[in-house]
Amino acid sequence: MKELPQEFKDIYFVQDGIPYFKTFLAGEWVSSQEFQDIKSPIDLTTFSKVVKLNSQVIDNALDIMYKRGKWDIRDTPGEKRIAIFQRTAELLERYKDYFIDILVLNNGKTRAAAEGEVRAAAERLKLAELDVRKIYGDYVPGDWSNESIEAEAIVKREPLGIVLAITPFNYPLFDVANKLVYSTIAGNAIIIKPASSTPIIAILFAKLLEMAGFPKRSISIITLPGNQMDKLVSDPRISVISFTGSTESGKEVIRSGGIKQYVMELGGGDPALVLSDADPEQTAPKITVGITSYSGQRCDSIKFIFAEEEVYDKLKDLLISELKKVKVGDPRDGSVTMGPLIDERTAEEVEYSVKDAINKGGKVLYGGNRNKNYIEPTLIEIEKDKLKDLYLYNKEVFASIAIFTKVKGIDEMIELSNSRRYGLDAAIFGEDINKIRKLTRMLEVGAIYINDYPKHGIGYFPFGGRKDSGVGREGIGYTIESVTAYKTIVYNYKGRGVWEYM
């Protein structure tokens with residue numbers, strides 16, 4: 001990785017050519033005797049190390065945040081919080097090349113994808129003031145009930161205290177920036193627990209926040225494996241948990257966390273529904289991007305294509321043609337359009353999924369070849385009456401793999417889509433407004449994209465799942481509702497001569 005500029009020298013040291021990163025806990029950069037390896041999916045070698053924290057150090061930081069940090073951020077005027085976000089965005093743009101380099105190296109993203117994530121994070125920070133519109137409260141007059149005559153109330157939204165933000169490996173910068181903005185713009189302190197495989201970006205981002213003047217005791221970056229999080233998750237000093245990850249992990253968080261407020265974007269794997277009047281020439285490239293973007297390691301990645309009979313064969317030929325254009329390889333190569341999976345375990349799951357589909361009557365139309373954790377985008381054709389038996393139908397496989405199935409009409413599309421336990425997004429391609437309207441009414445998902453592939457972007461349009469795909473919504477101005485609480489303040493003026501009612 002590139003040598004970081006002088007401003008970052010206090011957050012790491014180099015030993016045997018490998019940078020060892022500290023982390024930020026409630027105002028201090030913390031090191032220890034123990035570090036954990038961080039590997040690059042490009043070649044599976046260790047390129048850096050991060051400090052391994054123990055429970056006592058974390059508990060001490062949480063105590064500082066609970067007693068002081070949650071008030072430091074709350075007592076920082078809103079306009080100052082917005083100014084801090086703006087300065088952070090400017091710093092991110094100044095040092096963007098270092099962040100891009102780490103996203104390529106630590107995530108296996110192509111440079112274009114890494115640049116896109118940095119831009120999105122900066123834009124999310126700049127749009128923080130749009131979240132404020134949902135923080136306002138209400139005035140409630142009392143003269144509509146005999147019980148409340150000569151009284152009035154203010155109903156306000158206020159921060160809950162400390163948000164624990166657990167972020168996934170696939171968007172280690174944007175998800176940190178997004179969760180930070182909607183949590184702290186409302187006046188909460190925040191603990192960020194980045195994915196164990198991709199923590200470096202969160203640590204660098206904390207440095208930017210420190211440079212921008214963010215209240216130091218109001219933020220911590222916890223470098224701790226997920227399987228050691230139960231104690232922190234269940235701690236009563238944590239009021240909100242914002243989690244992005246698998247459904248199975250999300251259920252464990254809820255079981256451990258108990259009574260708190262939750263924002264959860266969980267498993268997905270989205271269907272693309274192609275109507276008979278869809279234009280295959282325009283549809284196939286969009287579906288291909290939806291399958292292959294960041295090697296399919298997106299919760300909103302397209303995993304199923306249900307196409308009506310009239311368009312099926314033409315679409316199949318075009319999808320195969322588009323998938324052949326995807327170049328898999330080292331993402332540092334500018335000609336590569338799809339990099340590696342995050343680890344070999346996921347590649348093994350893809351192989352298992354392909355074999356399972358073949359054994360149950362599926363036919364591989366394209367892809368499936370593997371080299372370590374590099375695997376071609378894969379398209380499998382199967383009849384609709386065999387679809388529900390597939391491992392791919394019942395699980396979310398976090399890779400570029402999709403099922404292609406012919407259907408007779410939209411009722412079959414609805415039934416096949418809604419029978420899955422997931423309900424994150426869906427994409428509809430076509431022109432018949434009556435069919436589209438029925439689909440948008442009947443599909444059990446959190447967001448529907450018409451003539452485009454699912455993409456959550458910066459959250460300008462809110463997103464989130466139903467069923468096993470999540471709780472609550474992430475989006476500018478929408479997540480505020482989950483990280484704040486209503487408080488009603490009633491003023492009694494009886495006998496004070498304020499009102500003279502008839």
Side chains of residues 255-262: which donor-acceptor pairs under 3.5 Å do they make with residues two or more places apart or in other chains?
from	atom 1	to	atom 2	distance (Å)
R255	NE	E252	OE2	3.4
R255	NH2	E252	OE2	2.5
S256	OG	D230	OD1	3.2
S256	OG	E252	O	3.2
K260	NZ	D235	O	2.7
K260	NZ	I238	O	2.8
Q261	NE2	S482	O	2.6
Y262	OH	G258	N	3.2
Y262	OH	G258	O	2.7

Flag if over 12 foreign heavy atoms under 6.0 Å of CZ, R441: no

List, one per line, each side-chain donor-acceptor pair under 3.5 Å for residues 193-201, sequence neighbours excluded.
from	atom 1	to	atom 2	distance (Å)
K193	NZ	S196	OG	3.4
K193	NZ	L224	O	3.0

Within 6.0 angstrom of K49 NZ, more than 12 heavy atoms from elsewhere: yes

K134 vs T479 side-chain heavy atoms within contact, under 4.5 Å: no

Contact summary for M229 and P225, nearest pair of heavy atoms: CG-O, 3.6 Å

When the side chains of residues 456-463 are checked against the rest of the protein, which donor-acceptor pairs come out under 3.5 Å, sequence neighbours left out?
from	atom 1	to	atom 2	distance (Å)
H456	ND1	E265	OE2	3.3
H456	NE2	D425	OD1	3.2
H456	NE2	D425	OD2	2.9

Side-chain ion pair, K207 and D10, N-O less than 4.0 Å: yes

Centroid separation F8 to Y95 less than 6.0 Å: yes

Close side-chain approach of I185 and V132, heavy atoms under 4.5 Å: yes

Salt bridge (charged side-chain N to carboxylate O under 4.0 Å, His left out) partners of residues 427-440, not counting sequence neighbours, each pair once: E308-K435, D411-K438

Within 6.0 Å of CH2 in W29, more than 12 heavy atoms from elsewhere: yes

Considering all heavy atoms, the nearest N107-Y294 contact: O-OH, 2.8 Å

Evaluation steps, side-chain contact (heavy atoms from CB on, under 4.5 Å), between E115 and L103: CA-CA 9 Å; E115 289 173 346; L103 285 169; over 6 Å; no

Flag if over 12 foreign heavy atoms under 6.0 Å of OH, Y478: no

Any side-chain heavy-atom pair of E349 and F398 under 4.5 Å: no

Flag side-chain contact, heavy atom, 4.5 Å: I219 against L180: yes

Residues, nucleotides or ligands: over 12 heavy atoms within 6.0 Å of K216 NZ: no

T488 and V140: CA distance, side-chain angles, deciding distance, side-chain contact (heavy atoms from CB on, under 4.5 Å) verdict: CA-CA 10 Å; T488 302; V140 183; over 6 Å; no

Within residues 74-90 or reaching into it, pairs that qualify as salt bridge (charged side-chain N to carboxylate O under 4.0 Å, His left out) - sequence neighbours excluded: R74-E158

Closest contact, heavy atoms only, L204 versus L4: CD2-CD1, 3.8 Å

Side chains of I291 and V326 in contact at under 4.5 Å (non-hydrogen atoms): no

Close side-chain approach of I410 to L273, heavy-atom, < 4.5 Å: no

Exercise: identify the closest heavy-atom pair between S469 and G268: OG-CA, 4.1 Å

For L160 against A485, the heavy-atom pair lying closest together: CD2-CB, 3.5 Å

4.5 Å side-chain heavy-atom contact, V181 and N178: no

Residue of the set Y20, F21, Y12 for which ring pair (Phe, Tyr, Trp, His ring centres under 6.0 Å) holds with F35: Y20

Exceeds 12 heavy-atom contacts within 6.0 angstrom, atom CD of E7: yes

Test item: D468 and K251 side chains (from C-beta on) under 4.5 Å apart, heavy atoms: yes

I38 and N106: CA distance, side-chain angles, deciding distance, side-chain contact (heavy atoms from CB on, under 4.5 Å) verdict: CA-CA 8 Å; I38 304 300; N106 197 184; 3.6 Å; yes

Pairs under 3.5 angstrom only: tabulate donor-acceptor contacts from the side chains of residues 169-176 to other protein residues two or more places apart or in another chain.
from	atom 1	to	atom 2	distance (Å)
N170	ND2	Q297	O	3.0
Y171	OH	R298	NH1	3.0

K22 NZ/CZ over F24 ring centroid, <6.0 Å and within 45° of normal: no

Residues, nucleotides or ligands: over 12 heavy atoms within 6.0 Å of K467 NZ: yes

Closest heavy-atom pair and its distance - E152, Y139: OE1-OH, 2.7 Å

